[in-house]
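The next block holds one structure in the form of structure tokens; read it before the comments.
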Amino acid sequence: MTLMNMVQSINSALDIKLEEDPKVLSFGEDAGLEGGVFRVTENLQKKHGEERVFDTPLSEAGIIGSAVGMCMTGLRPVAEIQFSGFVYPAYDHIISHAARMHNRTRGRYDMSMVIRMPYGGGIKAIEHHSESMETLFAHVPGLKVVIPSTPYDAKGLLISSIESDDPIIYMEPKRLYRAMKQEVPDGKFQIDIGKAKIVQEGSDITVVSYGAMMKEAREAAILAQKEGYSVELIDLRTIYPLDRKTVAESIRKTGRLLSVTEGPSFSGIGSELVTLANEEAFLSLEAPPTRLAGFDTIVPLPKGEHFYFHTADRILYEVEKLVKY
Amino acid sequence: MTLMNMVQSINSALDIKLEEDPKVLSFGEDAGLEGGVFRVTENLQKKHGEERVFDTPLSEAGIIGSAVGMCMTGLRPVAEIQFSGFVYPAYDHIISHAARMHNRTRGRYDMSMVIRMPYGGGIKAIEHHSESMETLFAHVPGLKVVIPSTPYDAKGLLISSIESDDPIIYMEPKRLYRAMKQEVPDGKFQIDIGKAKIVQEGSDITVVSYGAMMKEAREAAILAQKEGYSVELIDLRTIYPLDRKTVAESIRKTGRLLSVTEGPSFSGIGSELVTLANEEAFLSLEAPPTRLAGFDTIVPLPKGEHFYFHTADRILYEVEKLVKY
Amino acid sequence: MFTKYHPTKGEMLQILSPEGKIINTKFQPEISTEKVLQAYKLMVYTRTVDLKTVSYQRQGRMYTYAPNFGQEASMIGTGFHMNQEDWLVPSYREMGAFFHRGVTPTDIWLYWGGHEDGAKFPKATNTLPISVPIASQIIHAAGIGYGLKLQKQKGIVYTYFGDGGTSEGDFHAGLNFASVWKAPVIFICQNNQYAISLRQEKQMASSNIAIKSLAYGMPGIQVDGNDFFACYSATQKAAQHIEEGKGPVLIEALTYRRGAHTTADDPSRYRSKEEEKIWEEKDPILRLKRYLVAQKLWSEEDDTKLTQQYEEEVEAEFLEYEKYPPYELNDVFQYLYNTMPDDLVKQKQEYEKYLAWKESRS
Amino acid sequence: MFTKYHPTKGEMLQILSPEGKIINTKFQPEISTEKVLQAYKLMVYTRTVDLKTVSYQRQGRMYTYAPNFGQEASMIGTGFHMNQEDWLVPSYREMGAFFHRGVTPTDIWLYWGGHEDGAKFPKATNTLPISVPIASQIIHAAGIGYGLKLQKQKGIVYTYFGDGGTSEGDFHAGLNFASVWKAPVIFICQNNQYAISLRQEKQMASSNIAIKSLAYGMPGIQVDGNDFFACYSATQKAAQHIEEGKGPVLIEALTYRRGAHTTADDPSRYRSKEEEKIWEEKDPILRLKRYLVAQKLWSEEDDTKLTQQYEEEVEAEFLEYEKYPPYELNDVFQYLYNTMPDDLVKQKQEYEKYLAWKESRS
Ligand SMILES: Cc1ncc(C[n+]2csc(CCOP(=O)(O)OP(=O)(O)O)c2C)c(N)n1
Ligand SMILES: Cc1ncc(C[n+]2csc(CCOP(=O)(O)OP(=O)(O)O)c2C)c(N)n1
Ligand SMILES: [Mg+2]
Ligand SMILES: [Mg+2]
């Protein structure tokens, strides 16, 4: 066990898999020599060589398109997109090929790739560096979408992702990269993809979140407790496939759902969670299952970003409304 | 008034706007000389000249990226993407620029463009020609998404779209291009963007749909009537911004919602509609607001596509379940 | 060869004249007579399948299909050079190259007949399925090339695309990545001069396509795409270049699609009968046949026999294909992921419930 | 000029040597002494603002900022040729070109200081905001060019991008569209030899960037990007070429980013002090100053005075900038659409309700 922040735990997961499996590669823009603009891949090139850990030319389509080809030769590429806001030039390769090749070839080719990308806001960055657009992947058949919220989970989930034969979109809440440290095993361990985690049990309301918003949600749960509301807090960890069972059981128990997500509201993951509540727990609902999502606006530049990102007290406000409904 | 199919009514809308406003352009792959692979732009080049109605080189990024530039010079480009399945190379320009330039420049540049694309299945086409991925646009702040279901609406909505100063994603249900004819005014008329249409009043259940699924929904409403269920049928026509008011009022009246959409289920427009029901009509709900959406799979090739697309009897089945709930 | 036919000079490599004469002995490829005959037969076979498939489509026994009539030398002249360990990364108009790898007409028909099983290729290895999003396969080729190089596996990647495909950003990224990586990839542009209705001059302002290689510091060459020998020869040289570790090569094979873009297309909207006539004279099969006949390696009689034999074989195979088992609900779901997620299990079950309900009412 | 310095020859246009001597009279641009002095002053002004902004960032008075120290000739030598009716379509490292158009340091600071108002440019016309997604602006430039041409408006589009930007598909599509359209666009690559940490050799395999023009049938030229005259001269020729209706041109200005990629970057991770030293010697401002001083058009004394004057001006303007009105909730919502949709009205109201609740509790 070592005290690690998320940058370190992701680095450790990559290091372990690069060490253990010669088929694993790690690459992206500035992800080799420099170790990535967030230093997530620091030292990996030195340790595992320039052929397996490398910088690519500046083309996201090139990065993901070539990862598709690499998978066909049996490799397990872990491709880094520098910021999730720059993934769109590669979007065609993700949606038209990575997500489809296995189905298209009736299982002949596994798209055994992980696409890592820092996402989300709160670091006072310029435009395109603060978005939380996981819905654009979760809505696409053929992908799996994983988002950790702690250093521990980040490592276990990334190892599982690299071992997955299906393509994984692995989104890293950049705001949490260095926000906290945690005891994380030095060696290999896994966390199942598709399994949510009940972070705190409670009886009045189910709060479901993931990624950077989990930090706020945890704080909100504490604030809520002080107000006398018992929150059951669930960290999805995997967005698709969604762990419907865990979430539904909780809602059936509490009768209330608040989802807390960062990205745009319209047709976001929050609306999927509300739908889940209706499909699986309609008769238990004591208040409208509710989403707290981002505005359907562009994320404001740093001077305005505090308006955009949910805070613990905003979550508390919503919890209170629902419990008092 | 002339009896027109949807291809003709869209052509007529383009013709009228090209005639009326020298700032309007129409272009795309094979959209000039050939008149488009579906002949939607037939004769427009002959009539309005090669400079305003033209073929572009084969690059969707080029098409939409240059449309962004054209808007800045005051033009009103109507860009055709040959099939919605090929829009992804342009996705970055849509999401990062078309949707954002107005906000980015604090209103200095209007993105007065329409991006037309045939979408959806049911024409026995090869891969990438059958998808219904409107969620990927509706979820993106800064865009408006319009989908007609009749020749009449197609014309009125397209004229409004071309006159809109905001960027419009205008998706054409290719399956309906020639599926029916309707009396359509020869001259100019408009249908407001953002307004749904109550196609049929009813009291037992609200069915909300749009695009190609409207045809099935209409048939289902007739089948339902025979079974004694009174369906209130709403055609959204605009996906974003959603006409929440019309939908909510209807649900409050009927107590039941079934949304019928073609594309993938997860976080789709159906889930947004279910959320709407919860947000706006929770206390009136007599059954779980429900979505009937596409499978979260790749649209099968023609031999299997009948499994994927909803039929009137599938809708009836869902209606019956909800009314009997 | 790459210096002599440097694309800035605007000269095209031609070895066999339209009359079937060798006009350029210097660059004749190393290929045995036997292999030339084999290739010729494959060209004839490919044309037979192509024309028959178009007619099946007209008879309503096949969905929309993209013919390749006229491009036989371009795809087979280049593709015939592939060895077992090589990779084929096609677009959708390389049927002859597919056959060379062991793909069968049944596979082809399954695909255009609307069944995913048409991408299984049970008899072919290292062969990618048809790629529909224009030019996207070019980057896959670069990635496969990297994979082979890294893992020290033998093999060259042959990737195909059209003249229209060169306009996509993916063309650019694919050639750039491969050139930086010195990946073992031959980029083959079947320049049939049209992208559906768009002529090459409106697609690009460069004098030819081969010249685009300069942007990637790789050799490029324009060859007569209706000349089997020119195609084969340039491919051979490209493969040598790669084997010497010098990285990828771009080949532009100038040809003509004699048929429609797809069976849904009407070429008379965008090109003239006269133009089609000119290219009929330059037909690649005719040309190679003239050569073989002149060399006494082949006769008109052999040709008639061969064509008839192929027609019968193909006909018989098509009847067999038409008995292919029906598509099942499970086929929609089972291959999306390695293990079916609960959501999909449930969606399938819901559908089955609906089917049962429907059944119960009828 | 485009023939003499054809990029296949690998020769770079240089007019002013690092010592400040004219070494190539043949291609000296037509520009008045007065204008050269103006340009020089703009270079010094740009550097002043740049260095000060870096220091404000260090003081915590500014968020992450992308300096342009060292690239003054490259951006001003080309951008100074812009007339009122021309268009600037920048990337993010063209501050000098921005200033030439009337953009103010306050605009720049607003942007890097995290406020959308930094893209309003109240004093500049035909000037696009900073474009963050690499190379995407290149296609916008092609579209603007088409718009100007179609509407018979005067004006040339000047678009900028980096060496890294040439790898994106958008570079390819932008140059291709512009060349097919013969659109009035000058494509200017500020080749500072690095894309963040990646050296040019790993970015591409072509011998230079100018040669990529051949893929689009347009002239391309590599110029010494630290030589104001070479930059200006090539731009002038490019503009002439366009005015003659011959379509777009690609200029590669070879330069060096002397500072960090952004204030968040540490160049010592990927380049040596020795290399930095070499480029210090080639500094564009130093070079032009040597020339001006040798020509008796300028003196060290003038220089000291000018720098001091600019420093004071900039300092004063920054203090003013810091009083900019605070960001309001409405700023998040009001500009997304021309008319705010109900959904946004509601989201804003919900937020206000929450604020009121929060207020009520404190
Ligand atoms: C990304 C993308 N855009 C558009 C299409 C529609 N489309 C299919 S074929 C074609 C033309 C291709 O021309 P070319 O590359 O020259 O190949 P050819 O068909 O001539 O062999 C187009 C535009 C597509 N398949 N993919
Ligand atoms: C599409 C996209 N991908 C990645 C990035 C992140 N990024 C910002 S600057 C940069 C390097 C750009 O290098 P170059 O084009 O040479 O311009 P320079 O910064 O040297 O001026 C990268 C990768 C981005 N902004 N956009
Ligand atoms: Mg073609
Ligand atoms: Mg650079």
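Since the structure is predicted, the reported quantities are computational estimates derived from the model, not experimental observations. Below, each value reflects all heavy atoms present in this structure, side chains not excepted, and no hydrogens, waters or symmetry copies. Letters A, B, ... mirror the listed sequences (proteins, then strands); counts begin at 1.
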Relative to each other, are the rings of [X] and [Y] parallel, tilted or perpendicular (30° and 60° limits)?
| X | Y | result |
| --- | --- | --- |
| Phe177(C) | Trp181(C) | perpendicular |
| Phe171(C) | Phe161(C) | perpendicular |
| Phe318(C) | Tyr321(C) | tilted |

Residues 128-141 of chain C: residues contacting chain A (heavy atom under 4.5 Å, by number):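 The list, in residue order, reads Leu128(C), Pro129(C), Ile130(C), Ser131(C), Pro133(C), Ser136(C), Ile139(C), His140(C).
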Can you name the residues of residues 108-119 of chain C that have some heavy atom under 4.5 Å away from a heavy atom in chain A?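 Answer by number: Glu116(C), Asp117(C), Ala119(C).
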Give a yes or no on this: more than 12 heavy atoms of other residues, nucleotides or ligands lie within 6.0 Å of atom CD of Glu322(C).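 Yes.
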Within 6.0 angstrom of Asp342(C) CG, more than 12 heavy atoms from elsewhere: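 Result for CG/Asp342(C): open.
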Do Tyr88(A) and Met133(A) come close enough that some side-chain heavy atom pair is under 4.5 Å?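 Heavy-atom side-chain distance check passes, below 4.5 Å.
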Do Met117(A) and Glu60(A) touch side chain to side chain, with heavy atoms closer than 4.5 Å?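 The answer is no; the side chains never approach within 4.5 Å.
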Atom group of [X] that falls short of 4.5 Å from chain A, counting heavy atoms:
| X | result |
| --- | --- |
| Gln334(C) | neither |
| Tyr146(C) | side chain |
| Lys346(C) | side chain |
| Asn338(C) | both |

Using a cut-off of under 4.5 Å on heavy-atom pairs, state which of [options] scores highest against chain C.
| options | answer |
| --- | --- |
| Arg104(A), Arg244(A), His97(A) | His97(A) |
| Pro241(A), Pro141(A), Gly194(A) | Pro141(A) |
| Thr73(A), Leu143(A), Leu242(A), Thr56(A) | Thr73(A) |
| Arg108(A), Met101(A), Lys23(A), Arg52(A) | Arg108(A) |
| Gly107(A), Ala61(A), Gly142(A) | Gly142(A) |
| His93(A), Lys245(A), Met70(A) | His93(A) |

Scan for salt bridge (Lys or Arg N to Asp or Glu O under 4.0 Å) pairs involving residues 75-96 of chain A, sequence neighbours excluded, and state none if there are none.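 Applying salt bridge (Lys or Arg N to Asp or Glu O under 4.0 Å) to every pair that reaches into residues 75-96 of chain A, excluding sequence neighbours, yields Arg76(A)-Asp165(A), Glu80(A)-Arg116(A).
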Greatest number of heavy atom pairs closer than 4.5 Å to chain A - which of [options]:
| options | result |
| --- | --- |
| Ile144(C), Asn176(C), Asn126(C) | Ile144(C) |
| Val157(C), Val180(C), Thr127(C) | Thr127(C) |
| Asp170(C), Leu344(C), Thr339(C) | Asp170(C) |

Measure distances from [X] to the heavy atoms of chain C and classify the residue's part below 4.5 Å as side chain, backbone, both or neither.
| X | result |
| --- | --- |
| Ile64(A) | neither |
| Ser96(A) | side chain |
| Asp243(A) | neither |

For [X] and [Y], which heavy atoms make the closest approach, and how far apart are they?
| X | Y | answer |
| --- | --- | --- |
| Phe83(A) | His128(A) | CB-O, 4.5 Å |
| Val24(A) | Leu18(A) | O-CD2, 3.3 Å |
| Gly102(C) | Ala124(C) | C-CB, 4.0 Å |

Working to the nearest 0.5 angstrom, can you tell me the gap between Leu75(A) CG and Leu148(C) CG?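 Going from the CG atom of Leu75(A) to the CG atom of Leu148(C) covers 9.0 Å.
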Say you draw a straight line from CG of Leu250(C) to OG of Ser213(C); how long is it, rounded to the nearest 0.5 Å?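 Interatomic distance, Leu250(C) CG to Ser213(C) OG, rounded to 0.5 Å: 5.5 Å.
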Expected output: side-chain Ser149(A) to main-chain Gly211(A) donor-acceptor under 3.5 Å: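 Not at all, since once roles are kept as given, no pair shorter than 3.5 Å links the two residues.
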Side chains of residues 82-90 of chain C: which donor-acceptor partners sit under 3.5 Å, not counting sequence neighbours?
{"residue": "Gln84(C)", "atom": "NE2", "partner": "Thr125(C)", "partner atom": "OG1", "Å": "3.2"}
{"residue": "Asp86(C)", "atom": "OD1", "partner": "Ile156(C)", "partner atom": "N", "Å": "2.7"}
{"residue": "Asp86(C)", "atom": "OD2", "partner": "Asn83(C)", "partner atom": "N", "Å": "2.7"}

Are side-chain N/O atoms of Thr104(C) and Asp107(C) paired as donor and acceptor at under 3.5 Å?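 There is such a pair between these side chains.
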Are a donor atom and an acceptor atom from the side chains of Tyr160(C) and Thr78(C) found within less than 3.5 Å of each other?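 There is such a pair (donor and acceptor under 3.5 Å, judged by atom type) between the side chains of Tyr160(C) and Thr78(C).
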